[in-house]
Amino acid sequence: TLRMLVPTLLVLFFLFLRGRAGLLPHFLQQPEDLVVLLGDEARLPCALGAYWGLVQWTKDGLALGGERDLPGWSRYWISGNAAGGQHDLHIRPVELEDQASYECQATQAGLRSRPAQLHVLVPPEAPQVLGGPSVSLVAGIPANLTCRSRGDAHPTPELLWFRDGVQLDGATFHQTLLKEGTTGSTGSVESILSLTPSSHDDGATLVCRARSQALPVGKDTAITLSLQYPPVVTLSAEPQRVQEGEKVTFLCQATAQPPVTGYRWAKGGSPVLGARGPMLEVVADASFLTEPVSCEVSNAVGSANRSTALDVQFGPILQSKPKPLSVDVGEDASFSCVWRGNPLPRVTWTRRGEAQVMASGPTLRLPAVGLEDAGDYVCRAEPGLSGLGGGAAEARLTVNAPPVVTALHSAPAFLRGPARLQCLVFASPAPEAVVWSWDEGFLTAGSRGRFLVETFPAPEGRGGQGPGLISVLHISGTQESDFSRGFNCSARNRLGEGGTLVTLGRRDLLPTVRIVAGAAAVAMTLLMVITGVALCCWHHNKASASFSKQKNLVRIQGSSDGSSSRGPEEETGSGEDQGPIMHTDHSDLVLDEERALETKDPTNGYYKVRGVSPSASPDSCVTSLQLKSPGIFNLP
């Protein structure tokens with residue numbers, strides 16, 4: 001029973017206390033923290049129950065007064081039904097100084113509301129961009145744009161950068177307090193935007209926005225970028241592909257701020273003298289393919305350069321000739337020949353004097369060369385599309401091998417007379433010596449007894465077999481043994497030895513004497529015949545004229561048994577019967593024991609002469625001379 005009584009007593013006691021509280025003064029509504037914009041009206045509510053005494057408001061602990069109109073505080077007043085316990089504090093317009101802690105107090109009952117903090121929001125003013133509204137920058141050079149917000153904005157505004165509605169990154173933000181003692185100000189804030197502008201930013205608009213809780217939409221300040229930049233150059237060529245020798249026009253266009261002050265042209269890095277302005281006309285050649293044309297444009301800020309190369313089509317030009325080679329027999333040989341052209345020329349290799357193409361391309365390789373490979377090789381490039389250029393270059397391949405010795409023709413010699421033997425030597429490398437050897441000795445140079453050796457360069461060498469030498473062996477006073485034995489001509493170099501056998505031919509004296517004697521006899525006989533004919537014609541002019549008129553031709557023949565006469569028919573000039581022609585045999589020249597010459601036939605049968613007997617006709621004269629070779633001469 002006791003345990004049930006205790007909870008009942010506690011409930012009754014709680015109800016008793018609650019009834020007593022309803023009879024005491026108490027707050028029905030207390031003020032709360034309030035945020036208000038500068039210039040707006042602030043209202044802090046306060047309601048009391050079971051209290052009809054004095055009610056006042058305090059500001060940061062300072063009593064504002066008990067009257068409803070709060071004299072001395074022109075922007076403050078208390079509203080509501082005082083009898084009903086309503087005591088609301090009004091402030092209008094709110095100023096920044098109104099930001100404070102407020103309490104509603106029932107002084108007679110000793111009641112104090114909880115403190116209510118009044119926050120006054122001050123919207124930011126439009127920010128300022130230093131250097132605006134048009135900011136001049138230099139393209140390519142880093143720059144900082146400063147946006148600053150000053151005044152009593154509360155809370156501190158946030159500064160943002162925008163371009164074309166898109167927020168920009170890379171801005172730094174910091175706050176700077178004003179000097180102490182400056183009343184009514186909370187300081188200033190600024191935001192710095194770092195950027196490296198380009199020529200494309202010229203005329204761009206940037207926005208700096210100050211935004212805070214007091215003004216969520218913020219306030220904007222716009223600036224325009226005015227870029228100073230070096231020239232932006234474009235270089236073109238017309239036409240871009242050109243044949244060698246055609247005209248080409250280069251056009252150099254540029255945009256710049258400030259304006260362009262000058263142009264400079266160059267080709268392959270070397271200035272083009274006399275070139276001024278944005279246009280250049282040239283006649284294209286092969287050098288334009290590897291030496292670009294450049295245009296440099298300048299203004300007060302700087303300069304810019306652009307270059308372009310032409311696609312010049314030109315015929316092959318020889319850049320590197322093939323070099324002569326000297327290799328040992330059995331080794332490999334390689335020639336190189338470089339031609340330049342556009343399009344790339346076709347290069348072929350041939351052997352001099354031959355049409356067969358041995359290889360194509362810049363290199364000719366000959367493996368394991370032999371003596372037959374020695375000679376001149378030709379590197380050839382065909383002309384280009386324009387028909388210009390092209391040509392050939394050649395180089396010699398010398399094959400090093402043992403000497404090649406050849407016997408040259410040597411004239412026969414008389415016994416006990418001088419003789420001359422010759423051999424031709426080709427060798428690469430050059431022979432150490434040319435040696436003549438025979439039964440009883442040898443000789444390389446100089447003289448020895450009846451023998452003398454001389455060596456001369458060959459007038460014309462054989463291609464690729466090295467320089468040629470002619471070695472001559474002179475013999476004075478030949479002997480019988482010189483005609484029966486051989487003389488060996490040999491040569492040696494580092495690769496081996498070569499040689500040949502040269503023999504001496506013999507010449508007899510008899511045929512030579514016969515020929516000389518026969519020639520002398522012919523000349524004497526011819527002189528006698530011509531003299532006789534001339535005398536005969538001089539004495540018998542009339543008879544000669546008569547014979548000529550009748551067209552009578554008299555044949556004159558020479559014979560060893562004398563002359564014969566013609567009959568009467570011949571004297572009358574019968575043209576049908578010309579008589580027979582007598583031929584004599586050739587006679588030989590005989591050399592007697594004393595080496596004397598005896599003439600059996602003075603003309604040796606070369607001329608056949610026939611005389612006319614004076615008794616046949618007193619008016620006759622030699623009118624015809626028959627020669628074996630030329631024919632018949634008619635004399636008037």
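None of these values were measured; they are calculated from a predicted model. In this chain, residues are counted from 1 in sequence order.
- With sequence neighbours excluded, no residue satisfies ring-ring contact (aromatic ring centres under 6.0 Å, His included) with W265.
- Among all heavy-atom pairs drawn from G49 and L28, the shortest one is N-CG, 3.6 Å.
- For the salt bridge (charged side-chain N to carboxylate O under 4.0 Å, His left out) test, residues two or more places apart in sequence or in another chain that qualify with R114 are E32.
- There is no side-chain donor-acceptor pair under 3.5 Å between S226 and D202.
- Here the closest heavy-atom approach between residue V272 and residue L280 is recorded as CG1-CD1, 4.3 Å.
- In terms of heavy-atom proximity, V248 sits nearest to P239 at CG1-O, 3.8 Å.
- Formation of a donor-acceptor pair under 3.5 Å by the N81 side chain with backbone atoms of Q86 is not found in this model.
- By the ring-ring contact (aromatic ring centres under 6.0 Å, His included) test, Y229 pairs with no residue at all, sequence neighbours left out.
- With a 4.5 Å cut-off on side-chain heavy atoms, I78 and D69 do not count as touching.
- Identified under the salt bridge (charged side-chain N to carboxylate O under 4.0 Å, His left out) test for residues 322-331, with sequence neighbours left out: D328-R494.
- Heavy-atom contacts from other residues, nucleotides or ligands closer than 6.0 Å to CZ of R340 number more than 12.
- By the 30° and 60° cut-offs, the orientation of the rings of Y76 relative to Y102 is tilted.
- Checking D201, L195, T196 one by one against S198, the side-chain contact (heavy atoms from CB on, under 4.5 Å) holds for a single residue, D201.
- Sorted by first and then second residue, the pairs that involve residues 212-235 and meet salt bridge (charged side-chain N to carboxylate O under 4.0 Å, His left out), not counting sequence neighbours, are R209-D220.
- At least one donor-acceptor pair under 3.5 Å links the side chain of D88 to the backbone N or O of C46.
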Determine whether Q228 and Q257 satisfy the following criterion, side chain to side chain donor-acceptor pair (under 3.5 Å), listing intermediate values before the conclusion. CA-CA 5 Å; Q228 290 188 347; Q257 182 64 34; over 6 Å; no

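- Contact check for F27 versus L111: side-chain heavy atoms found under the 4.5 Å cut-off.
- A distance-only check finds a donor-acceptor pair linking the side chain of D332 to the backbone of A368 [under 3.5 Å].
- For R211, the salt bridge (charged side-chain N to carboxylate O under 4.0 Å, His left out) partners are E158, not counting sequence neighbours.
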Which is it for T205 and I223 under the side-chain contact (heavy atoms from CB on, under 4.5 Å) test, yes or no, and what are the steps along the way? CA-CA 6 Å; T205 299; I223 62 168; over 6 Å; no

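- The pair E238-K247 fails the salt-bridge criterion, with no side-chain N (NZ, NE, NH1 or NH2) lying under 4.0 Å from an Asp/Glu carboxylate O.
- Shown here is Q356, whose CD atom has no more than 12 heavy atoms of other residues, nucleotides or ligands within 6.0 Å.
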Determine all donor-acceptor pairs shorter than 3.5 Å in which one atom belongs to a side chain in residues 118-131; sequence neighbours excluded.
none

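- Residues L44 and L34 have side chains in contact (heavy-atom distance under 4.5 Å, counting atoms from C-beta outward).
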Which pairs of donor and acceptor atoms, one on a side chain in residues 341-349, lie under 3.5 Å apart (sequence neighbours left out)?
| unit_1 | atom_1 | unit_2 | atom_2 | d |
| --- | --- | --- | --- | --- |
| N342 | ND2 | D311 | OD1 | 2.8 |
| N342 | ND2 | V312 | O | 2.7 |
| W349 | NE1 | G361 | O | 2.9 |

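- Among residues at least two apart or in separate chains, salt bridge (charged side-chain N to carboxylate O under 4.0 Å, His left out) pairs with a member in residues 265-285 are K267-E291.
- Q240 places a side-chain N or O within donor-acceptor distance of the main-chain N or O of A309, the cut-off being under 3.5 Å.
- A 4.5 Å side-chain heavy-atom check between V293 and C295 finds every atom pair outside the cut-off.
- Under the rule for a ring-ring contact (aromatic ring centres under 6.0 Å, His included), the partners of F335 that lie at least two apart in sequence or sit in another chain are Y377.
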Take L160 and L168 through the test side-chain contact (heavy atoms from CB on, under 4.5 Å) and record every step on the way to the result. CA-CA 8 Å; L160 304 174; L168 300 179; over 6 Å; no

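- Residues satisfying the ring-ring contact (aromatic ring centres under 6.0 Å, His included) test with Y51, not counting sequence neighbours, are none.
- Taking a 6.0 Å sphere around CD of Q213, one finds it holds 12 or fewer heavy atoms contributed by other residues, nucleotides or ligands.
- Between the Q117 side chain and the A100 main chain, a donor and an acceptor come within less than 3.5 Å of each other.
- Taking 4.5 Å as the limit, every side-chain heavy atom of N305 sits out of range of all side-chain heavy atoms of V233.
- For the pair P45 and R43, the minimum side-chain heavy-atom distance is below 4.5 Å.
- Side-chain contact annotation: N144 with S194, donor-acceptor N/O pair under 3.5 Å present.
- Within the 4.5 Å cutoff, side-chain heavy atoms of L318 are placed close to those of C337.
- In the displayed structure, R75 atom CZ is contacted under 6.0 Å by more than 12 heavy atoms of other residues, nucleotides or ligands.
- With sequence neighbours excluded, the residues satisfying salt bridge (charged side-chain N to carboxylate O under 4.0 Å, His left out) with E41 are R92.
- Of the possible donor and acceptor atoms, none in the side chain of S298 sits under 3.5 Å from a partner among the backbone N and O of S303.
- Looking at every heavy atom in both residues, L54 comes nearest to G66 through CD1-CA, 3.8 Å.
- Without hydrogens or angle criteria, S113 side chain to C104 main chain gives a donor-acceptor distance under 3.5 Å.
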Let's go through R68 and H87 carefully: what are the C-alpha distance in whole Å and the side-chain angles of both, what is the deciding distance for side chain to side chain donor-acceptor pair (under 3.5 Å) to 0.1 Å, and is it a yes or a no? CA-CA 9 Å; R68 306 289 287 184; H87 306 277; 2.8 Å; yes

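- A heavy-atom distance below 4.5 Å is not found between the side chains of V135 and T224.
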